[in-house]
A.B. asks: 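Pasting a structure below so you can have a look.
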There are 2 protein chains.
Amino acid sequence: MSVREQYSVAIIEPSRIVSEGLSAILHDSDFRVVRQFETVDDFNQWEAALPEEKRVDIVLLNPVLLGTHPSQPLNGLFPDACSSLVAMLYSYIPPELLLEFDATIGIDDAPTTIIEKLRDAVATAAKRLDCQNIDKQELTKREKEILAYVVKGLTNKEIGEKLCISIHTVISHRKNIVHKTGIKTVSGLLMYALFNDIVTADEIPQE
Amino acid sequence: MSVREQYSVAIIEPSRIVSEGLSAILHDSDFRVVRQFETVDDFNQWEAALPEEKRVDIVLLNPVLLGTHPSQPLNGLFPDACSSLVAMLYSYIPPELLLEFDATIGIDDAPTTIIEKLRDAVATAAKRLDCQNIDKQELTKREKEILAYVVKGLTNKEIGEKLCISIHTVISHRKNIVHKTGIKTVSGLLMYALFNDIVTADEIPQE
DNA sequence: TGAAAAATACCAACAAATAGCGATTGTTTG
DNA sequence: CAAACAATCGCTATTTGTTGGTATTTTTCA
């Protein structure tokens, strides 16, 4: 995936208006919409028939299509995480469902904003690939979730209550996080979390 | 605002369904919905006529009523920030618009979740008031020195050894730092230290 | 379908941090 | 001078985190 290349985009979006609008906006950019789908199943069917190297660079997906249940379909969607996943938002989506997306586009975003966000998303995906290849050990989804709460300053007990798991489990996850990253201090973990897009700076309570 | 008090709530929400639903859910809690409005103007008119001490504890507001323009109406809404402001979300709202809210309620939140979030919101508002009253003081040179070591991940004992002072002194300094800044978590302190040029990012050990 | 990985849960002993107290010694400053 | 502040040190009690285990259930995937 070189820098000056045109990036291919697939849109999975139930609303034709939104779908067509996005296509129009991306028409004059270096993002090329190769196909539009109305359901995840349609997309999966199409994608399955594709050779590995013809996979799209970006999948623009409306999270409502995933239902309220968390990330089960997502894991199946991108086993190798070779594509960048971007959420198209115009109805309320619980924040925890958005964790696995590389970016989110709002219904009232300006065209320039949208393109900018897509650029960020491919960069994030590229970084994620690097991390997978280079990094010794990637954190699991659950571990990232725990880490996010840790650097936000919640105690183990609070995290356990929030995720409805025992404090022992939280402690176990923390042990694994420390072991995998080799980072023992909260400050170091915060830097790691910021650097790896597990949290953003504005999520850290300054009070 | 004592602990066992009933908190008064005003709802500003264009959808009657949502508005009534919230009222019903809060009916059996210690939150009392005193009035429902469909526009911000309606609310402002009502609120203006109220004596200071009769202001509601919580304003539950649908952010769509604020338009896409950022927080101008919000500042006017609560000049003294005596109330807690909670967002009612069921359509997409740009994240930056949600910064000034003490909490956000999603359309699919369970009643217990809603009540929990409202409780958090009043706590946040109370803390915000405290911060405003005890206006922030500057840290002393020694305190900054301690803070630098804290965010670098040294323990109190290590800091004491490094500076050739007792661990009790370190603890005292830390207490003063927490009290002056109002920041209790290491992550928050790191952000503070970075923001105030007490440390730089590359000084934070990522191991 | 069977093995591996991830998530879950628990224990015990120890280390570290926090809260709430007080107290002494300088230094600055109105 | 007296008051305010900074820096130092001390105590007790309690909470929270760390470390190094073991073990079960669920999920994933080849």
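The sequence lines fix the lettering, A, B, ..., with proteins before strands; numbering per chain opens at 1. Please read these numbers as outputs of a predicted model, since none were measured by experiment.
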A.B. asks: Assess the residue pair A/E13 and A/N62 against the criterion (side chain to side chain donor-acceptor pair (under 3.5 Å)); give the C-alpha distance rounded to whole Å, side-chain angles, the decisive distance to 0.1 Å, and a yes or no.
C.D. replies: CA-CA 5 Å; A/E13 163 63 54; A/N62 188 327; 3.0 Å; yes
A.B. asks: Without decimals, in angstroms, what is the distance between B/I159 CD1 and C/dA17 C1'?
C.D. replies: 11 Å
A.B. asks: Can you tell me which nucleotide in D/dA7, C/dT8, C/dA6 comes closest to the side chain of B/T140?
C.D. replies: D/dA7
A.B. asks: So what does B/T169 touch, heavy atoms closer than 4.0 Å: a base, only the sugar-phosphate, or nothing?
C.D. replies: base
A.B. asks: Checking side-chain polar atoms at under 3.5 Å, does A/S23 have a donor or acceptor matched by the opposite partner on A/E20?
C.D. replies: no
A.B. asks: When the distance from CD of A/E158 to C1' of D/dG17 is rounded to whole Å, what number comes out?
C.D. replies: 13 Å
A.B. asks: Locate the shortest heavy-atom distance separating B/L163 from B/R142; write the atom from each residue and the value.
C.D. replies: O-NH2, 3.9 Å
A.B. asks: It should be established whether B/H173 places a side-chain nitrogen or oxygen under 4.0 Å from OP1 or OP2 of nucleotide D/dT8.
C.D. replies: yes
A.B. asks: For A/V186 and A/S172, take the nucleotide of DNA chain D holding the closest heavy atom to each; which residue's nucleotide lies nearer the 5' end?
C.D. replies: A/V186
A.B. asks: Less than 4.0 angstrom between a side-chain N/O of B/K184 and OP1 or OP2 of C/dA19, yes or no?
C.D. replies: yes
A.B. asks: Using whole Å, what does the distance between atom P of nucleotide C/dA6 and atom NZ of A/K175 come to?
C.D. replies: 17 Å
A.B. asks: Specify the separation, in whole Å, of atom CD1 of B/I171 and atom C1' of C/dG22.
C.D. replies: 15 Å
A.B. asks: Whole Å only: how far is the NZ atom of A/K141 from the C1' atom of C/dA5?
C.D. replies: 14 Å
A.B. asks: Grab the CG-P distance between B/N176 and C/dA19 for me, whole Å please.
C.D. replies: 12 Å
A.B. asks: Looking at every strand, decide which applies to B/I167 at a 4.0 Å heavy-atom threshold: base, sugar-phosphate, or nothing.
C.D. replies: nothing
A.B. asks: Should the pair A/W46 and A/F37 be assigned to parallel (<30°), tilted (30 to 60°) or perpendicular (>60°) ring geometry?
C.D. replies: tilted
A.B. asks: C/dA9, C/dA16, C/dA7: which one has an atom nearest the side-chain heavy atoms of A/H168?
C.D. replies: C/dA9
A.B. asks: Between B/N156 (CG) and D/dG10 (P), how many Å, whole number?
C.D. replies: 15 Å
A.B. asks: Find the distance A/I165:CD1 to D/dT24:C1' and express it as a whole number of Å.
C.D. replies: 16 Å
A.B. asks: To check you understand the geometry: which heavy-atom pair defines the closest contact between B/L26 and B/L118, and what is its length?
C.D. replies: CD2-CD1, 3.7 Å
